[in-house]
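Remarks on the structure that follows.
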Protein chains: 4
Amino acid sequence: MTAATTPSGRTAPRGRIDKRQAILDAAFAVFARRGYENACVREIAEEAGVAKPTVYNHLRDKENLFRHAIGAAADTVMAENLAAAERLRTPGDDLRAALKDTAYRMLQVCCGERARALRWLTYAQVGGFPDLIETVQERTHGRLGEALADRLARLSLAGRLRPCDPALAAEQLLALLTGPMEARSRLGTRAVPAAETRAVAEAAVDTFLRAYGPTA
Amino acid sequence: MTAATTPSGRTAPRGRIDKRQAILDAAFAVFARRGYENACVREIAEEAGVAKPTVYNHLRDKENLFRHAIGAAADTVMAENLAAAERLRTPGDDLRAALKDTAYRMLQVCCGERARALRWLTYAQVGGFPDLIETVQERTHGRLGEALADRLARLSLAGRLRPCDPALAAEQLLALLTGPMEARSRLGTRAVPAAETRAVAEAAVDTFLRAYGPTA
Amino acid sequence: MTAATTPSGRTAPRGRIDKRQAILDAAFAVFARRGYENACVREIAEEAGVAKPTVYNHLRDKENLFRHAIGAAADTVMAENLAAAERLRTPGDDLRAALKDTAYRMLQVCCGERARALRWLTYAQVGGFPDLIETVQERTHGRLGEALADRLARLSLAGRLRPCDPALAAEQLLALLTGPMEARSRLGTRAVPAAETRAVAEAAVDTFLRAYGPTA
Amino acid sequence: MTAATTPSGRTAPRGRIDKRQAILDAAFAVFARRGYENACVREIAEEAGVAKPTVYNHLRDKENLFRHAIGAAADTVMAENLAAAERLRTPGDDLRAALKDTAYRMLQVCCGERARALRWLTYAQVGGFPDLIETVQERTHGRLGEALADRLARLSLAGRLRPCDPALAAEQLLALLTGPMEARSRLGTRAVPAAETRAVAEAAVDTFLRAYGPTA
DNA sequence: CATGAATGAGATTTCATTCAT
DNA sequence: AATGAATGAAATCTCATTCAT
């Protein structure tokens, strides 16, 4: 942060790698594969290549470490999802195709490694850190719903969707996408072939458009 | 069996009969409020009113205890859900009303104490016990989807729904119900007023019927 | 003990197998393969085919069980050894051959399954049950030494060995036999080929006779 | 390292240096008086003046602790025995006296506190750690036998013993020494008076020399 | 700032032993 | 006499966290 401007200095001759970032990355990785309780600080420190007290110096305690690691991952996942939703800003002539494309991209994000780990950790710790979970939920699902609602509102105003409550429409579109995927991937334990993912996206959009498409 | 008829005679000089059930109940309660790792067998034993080794005598180890407690809870939740789905066997004249009624009942089950705890534990341990989770998932969500698909197939044949893939329709109806509820209850951390629950059910059914209702 | 006179009724149509004997046998077997502390009463009961409390009914506690099991095994081993020593009662013309034969037989006993297990258990528990160990030691090694000393005294009187302290001679003969065997069998962990065992016996007797043989 | 020079400064604010050695010493002491299974790490930690996890930090687990403690004790005992055997390098004119002196010294070592404890532990755990026991056996008995054989070979070459297999001679001399001592000390449970120890040594050497002394 | 070493607390599990039938 | 069920006690080991350098 001091010298280099690239926060994760790709291949740049990074002078001092940010230990803090290394710790957070390692923490998310370890939390993801072990869960919160089973993850031990020693393993995180090893994965980050630092000594245990260094972790405590930077992030005070295990809980804080978890909160920061989760927060960072949530931001990343959300950015990816919003990027996918942006696609709807320029729907082109074929709305159905644009929706399907957007939907498929979002599903890809949701099925990705990071999003799956984040979802598991989120659910797993909803009892232990309800406030954190709520924050994450709002910064991810909530934020995505809003972005989607914005797009749908524009489309409705433009007459390309029938008049509707855009928040509700967005909520239902998301549900039609993620619900079946969770079921088919068995909560993320089995990989879903790309073709099936695409089929889920298309079925969701078809149903959505029958319900929300412009009236004949 | 001879003298005492109290099935759970607290401190009665005979404690042979339903110790196992008491342990399983206590286990689910403790797992539900502490999570798998934080739950300790001592607490479960205390809650069940038995000594710690008794727990081990009956259920071998913590993992086995967890599996049985989860399995039992899953069966209970499923039975409740199937009972709600049965409502669709006699839809009466007003299909929309019947669907909304069924939907609302299922949401009530899903938002109940036990179902919420089961959902949390399921997600939380999907990394640790993938096989168990898969089983639970199939015995609950999967089974419910099938039951629902059966009903929808009948309705479709009867011309009260347009021709469709009943499995897909059931999957999407379930998604339209549970997805929004998860979002609004913040993964189950906040109570959703009955009115809002009903609204979710109605919106889901309305959307569903626009997509799957009989063609004009 | 009541009806049948065969204490371990070989193939006889044993009316009531002696549970007590079955327990003692099982106990020795389990103690032998697990050691005293690692042997658990449950396993002994299983091996004996009875329930755990039955073991306690018959033998009061684990310590008592151990004492009786060890005692019985010691008696058996001792009987075998004494039988071998008896051979010296009729030495025949060739004393050297008679001694070698006796020595070899005793080594066979000492290397047998039971004697080895007994030796291990004895040493292992010498700290925990010093009195028992002392008893066993006297009933086995001590008793054998005396028997041997008797034979050697006769031989000495008969002029077939030079005048000597027969107790000391017996002690040293035993030492020349068992010491090298313990070393070569690595305390009983590796099998010693019969040829090597015989060589040990012969070397012991040769040395013994050079020291105690009749003066030229 | 800067302020305190006391190598084991009891409660000094620095305890970094010889904790490991203190733990190993304490471990051998506790194992010696309790046996492997009955020794508990808590007691070892207390005896060493450290906290329980410190024991685990330094030696990983109870088994490893045992192996190291035994190994160290074996080395010490062996060094003492080899020092005694060295005596034979300068036998002087009176071979018999030199042998008796050496023999007595070795018996003193063998009857010492540490050697007795080592022997008990060795036998007791021969079932549980056969590889360790074998190692110990070779590093002690085996090594001593070789050293002794070397001395005897020299003496034989010098004509002070008759031509013989020195390994066998050493083996038998050791047996003549330790065998009777084990019997008389009842496996180490009772103290043998110095006079009796000396008598055993002399008897062993006398017998040995009659068998292996120079031919008249 | 980074670290090696140390520790207090607590979890799972096993075992010998005893009731009550 | 024999047993299924229950229990008090204890042991191994792990972890989050803190000194002192």
Side-chain angles (χ1 to χ4, degrees), chain A residues 16 19-20 23 37-45 48-65, chain B residues 1-3 12-17 19-20 23 37-45 48-63 65, chain C residues 16 19-20 23 37-45 49-65, chain D residues 1-4 12-17 19-20 23 34 37-45 48-65:
Chain A
R16 267 322 77 211
K19 288 214 170 169
R20 188 189 161 94
I23 292 172
E37 343 273 351
N38 287 339
C40 69
V41 178
R42 176 180 46 73
E43 190 176 356
I44 293 175
V50 302
K52 226 187 323 177
T54 304
V55 176
Y56 284 88
N57 285 343
H58 278 274
L59 284 127
R60 198 169 70 247
D61 61 10
K62 196 185 179 186
E63 173 171 338
N64 204 250
L65 182 51
Chain B
M1 226 36 107
T2 59
R14 38 184 326 293
R16 213 63 56 75
I17 1 175
K19 291 250 157 124
R20 187 190 163 95
I23 291 172
E37 343 272 351
N38 286 339
C40 71
V41 177
R42 176 180 47 73
E43 189 176 357
I44 293 174
V50 303
K52 222 184 328 172
T54 303
V55 177
Y56 284 89
N57 282 345
H58 278 277
L59 284 124
R60 197 170 68 249
D61 60 10
K62 196 184 178 185
E63 173 171 337
L65 181 52
Chain C
R16 268 320 80 211
K19 288 218 169 166
R20 187 188 161 95
I23 292 173
E37 343 273 350
N38 286 340
C40 69
V41 178
R42 177 180 46 73
E43 190 175 357
I44 292 174
V50 303
K52 226 185 324 175
T54 303
V55 175
Y56 283 88
N57 285 344
H58 278 274
L59 283 127
R60 198 172 67 251
D61 59 11
K62 195 185 180 186
E63 174 171 337
N64 204 249
L65 182 52
Chain D
M1 223 54 88
T2 59
R14 38 184 323 293
R16 211 64 53 76
I17 0 174
K19 290 249 158 125
R20 187 189 162 94
I23 291 171
R34 293 260 195 268
E37 343 273 351
N38 286 339
C40 72
V41 178
R42 176 180 46 73
E43 189 175 357
I44 293 174
V50 302
K52 220 186 330 171
T54 304
V55 176
Y56 285 91
N57 282 346
H58 279 277
L59 284 124
R60 199 171 67 248
D61 60 10
K62 196 185 178 185
E63 173 171 337
N64 204 249
L65 181 53

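Sequence lines set the chain letters: A, B, ... in the order given, protein chains first and strands last, and positions in each chain run from 1.
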(message) Show me the dot-bracket string of DNA chain F, counting Watson-Crick or G-U pairs under 3.5 Å, with | for pairs to another strand and [ ] for crossing ones.
(response) .||||||||||||||||||||
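Heavy-atom distances to DNA chain E give each of A:Ala51 and D:Ala51 a nearest nucleotide, and the one nearer the 5′ end belongs to A:Ala51. Mapping A:Arg42 and C:Asn57 onto DNA chain F by nearest heavy atom places C:Asn57 at the nucleotide closer to the 5' end. When the nearest nucleotides of DNA chain F are assigned to A:Cys40 and D:Asn38 by heavy-atom distance, the more 5′-ward of the two goes with D:Asn38.
Applying the side chain to side chain donor-acceptor pair (under 3.5 Å) test to A:Asn64 and every residue at least two apart in sequence or in another chain returns A:His68. Residues forming a side chain to side chain donor-acceptor pair (under 3.5 Å) with A:Asp61 (at least two apart in sequence, or on another chain): none.
Per the geometry, CD belonging to C:Glu37 stands 13 Å off P belonging to E:dC15, to the nearest Å. Atom CD in A:Glu63 sits about 16 Å away from atom C1' in F:dC15, given to the nearest Å. Atoms CZ (D:Arg34) and P (F:dA10) sit 13 Å apart, rounded to a whole Å.
Under the 4.5 Å side-chain criterion, counting only non-hydrogen atoms from C-beta, C:Leu59 is in contact with C:Arg20. Side-chain contact check for A:Leu65 versus A:Tyr56: every heavy-atom pair is 4.5 Å or farther apart.
Nearest to the side chain of B:Asp61, among E:dT13, E:dT12, F:dA6, sits E:dT13. If you check E:dT12, F:dA16, E:dT3 against the side chain of A:Val50, the one that comes closest is E:dT3. Of all nucleotides listed (F:dT3, F:dT12, E:dA6), F:dT3 comes nearest to the side chain of C:Pro53. Of the candidate nucleotides E:dT13, F:dT14, F:dG8, F:dT14 has the atom lying nearest to any side-chain atom of D:Tyr56.
Contact annotation for C:Ala45: no contact, since no heavy-atom pair falls under 4.0 Å across all strands.
Interatomic distance, OG1 of D:Thr54 versus NZ of D:Lys19, reported as 6.0 Å (0.5 Å rounding).
The phosphate of E:dC1 has neither OP1 nor OP2 within less than 4.0 Å of any side-chain N or O from A:His58. Between B:Thr54 and F:dA5 there is no side-chain polar atom (N or O) within less than 4.0 angstrom of OP1 or OP2.
Between the base of E:dT13 and the side chain of B:Lys62 there is no donor-acceptor pair shorter than 3.5 Å. Checked by distance alone, D:Lys52 brings no side-chain donor or acceptor within 3.5 Å of a matching partner on the base of E:dT7.
The backbone N or O of B:Ala39 lies less than 3.5 Å from a partner atom in the side chain of B:Lys62, making a donor-acceptor pair.
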